[in-house]
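To start, the structure under review is shown below, and the notes come after it.
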Amino acid sequence: MPGFKPKSKVMPTKPAQTLPEPLAMFEQEIEVVERVVKSEIELARISRKDTSRPCLFTNADGKEQVLGWKVVTGLWARRERIAKAIGMDRTKLTSTLLEAMRHPGTLARAKKAPFMKNSIRNVDLTQLPIPKFFKKDGGRYFTAAMVVAEMDGVRNVSYHRLMVTGKDRMSIRIVPRHLYSMFRKAKGDLKVAIILTLNPAVMLSGAMSVAYGMDELTVASAILKAGRGKGLAIVRLPNGISVPTDCQIVMEARITKEEADEGPFVDITGTYDPVRKQPVVKVDKIWHVDGPVLYGISPGAHDHYLMMGMPREPIILDSVQKVVPRVGGVRLTEGGCCWLHGVVSIEQQKDGDAKNAMMAAFGAHPSMKRVVIVDPDIDIYDDRQVEWALATRFQGDRDMLVIHGARGSTLDPSSDGDKTTKVGMDATKPVGNATDFERVTE
Ligand code: MN
């Protein structure tokens, strides 16, 4: 037939145009790697060249043609990107997180979600481009996965690294917190949903360590409501667990009473965490959007820092606010792995407020071993300004608080087991002597 053109079955499109949210809003910043790269070691090595930049691998293990699965690293490696995805300025993040923890939001119920479009019943994790990050790692790892569990009307959402050990098997690292107590209470297997690649509000809420019984999804909903003006919607899976509708990948799974090796695995400080016996997870079904993007946080990289460390900031803020009326901000610094070192800005009413702020900060985040207290004229997000405050407003004999033998982080190789020396540095100017310490700007 002249002039007739058969409809093409395959619509060739550029990966950037088909990116599902929340990746689409960072199209300009994402470095796209289109060539075939090995998900074992090579992918992580490329992503580590600049861990603050998102890298999208459209053809990891040559799987793009087969499954349409892509891998992204470094997505939430900058505060600005996290703030943008939530819909706010980065300086508002800490106080918004705290407010959401104090006043959780509500959840809308949806009947369907985009990820329900595709499902895999014959699960074979070994065919998916799940990265192995470092040579001595115990295996391929899901590093940005969150586990949703429900028991007796309580929902819990938390982060767990998952090491692939077989077609439908993984080892899960569970520290004794909320998921652990649900798992111990469960008579048999604990049904869970494993969720991947979604709005960072949910990821931050899952790392905030709210009290048992408080649904982390309602905290995420309040964060989103404050930012984009619309809360979170959830959808119930066939296994009975409800998950956010905006996930790109969801696994229906069970945590079993069987145990297997987990690790070694590189932790936030960039050093190895040893092998332990941990529970085995069995995956029953995988749901995913069209062309799903698997988010992998490179261990010890900037997104690991922010996703693990930043959610501690509102807890520190809450604690310091109880002893000092005006707190400007709290930041765990990237240089200190967003875990061991912090900066707090306060408005001193009386000399000595800074010392109380230090003690409150240490109490709120036991892993912190150094905190610098600055005045409100210092931008806590600018390391040079913080050092300037130390250079011009701090004396080691007068302004330093040293606490020996406190409990700290076992992740710090310089600590004595879990005992550490905490150092508080008061870089605030003396109350009543503003002029000598003022930074001249005009
Ligand atoms: Mn919890």
Side-chain angles (χ1 to χ4, degrees), residues 76 82 86 93-94 96-107 142-162 172-186 189-196 198-226 231-237 239-244 246-247 250-255 268 278-279 281 297 304 306-319 332 338-339 363-367 409:
W76 306 126
I82 297 168
I86 293 171
L93 274 174
T94 316
T96 304
L97 262 54
L98 177 57
E99 207 40 47
M101 206 168 80
R102 286 175 176 160
H103 307 286
T106 51
L107 300 167
F142 286 107
T143 52
M146 310 195 69
V147 175
V148 188
E150 292 175 14
M151 184 178 266
D152 305 329
V154 172
R155 185 184 296 121
N156 192 70
V157 184
S158 47
Y159 269 93
H160 300 272
R161 65 190 194 222
L162 293 147
I172 182 169
R173 170 75 176 130
I174 311 184
V175 295
R177 286 198 70 248
H178 301 167
L179 182 67
Y180 183 78
S181 75
M182 284 179 166
F183 168 65
R184 289 294 297 266
K185 254 175 90 180
D189 295 351
L190 179 69
K191 280 185 207 165
V192 295
I194 297 165
I195 57 176
L196 276 148
L198 68 166
N199 193 286
V202 177
M203 304 178 76
L204 293 172
S205 306
M208 273 163 78
S209 302
V210 294
Y212 186 82
M214 186 185 277
D215 179 358
E216 285 84 359
L217 294 182
T218 62
V219 178
S221 193
I223 296 170
L224 288 170
K225 186 92 201 246
L232 195 69
I234 55 169
V235 65
R236 197 189 299 274
L237 297 172
N239 75 351
I241 310 287
S242 294
V243 299
D246 73 338
C247 305
V250 175
M251 296 189 261
E252 286 182 46
R254 288 166 286 130
I255 307 178
I268 197 167
Q278 292 287 295
V281 174
I297 292 176
H304 190 181
L306 290 177
M307 283 296 138
M308 182 165 157
M310 213 172 69
R312 311 307 304 179
E313 292 171 356
I315 297 166
I316 301 168
L317 176 66
D318 186 36
S319 174
L332 288 167
C338 290
W339 199 245
H365 180 45
S367 290
S409 173

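Whatever order the structure lists ligands and atoms in, that order sets their numbers, starting from 1.
- Side chains of V243 and V235 form a contact here, defined as non-hydrogen atoms less than 4.5 Å apart.
- The Mn ion (ligand 1) has no N, O or S atom of S158 inside 2.8 Å of it.
- Within H178, the N, O or S atom lying nearest to the Mn ion (ligand 1) carries the name ND1.
- Within the 4.5 Å cutoff, no side-chain heavy atoms of L306 are placed close to those of W76.
- Few gaps surround CZ on R177; more than 12 heavy atoms of other groups in view lie less than 6.0 Å from it.
- Annotation: side chain of H160 is not in contact with side chain of I255 (no heavy-atom distance under 4.5 Å).
- Residue-level check: among N/O/S atoms of E216, OE2 sits closest to the Mn ion (ligand 1).
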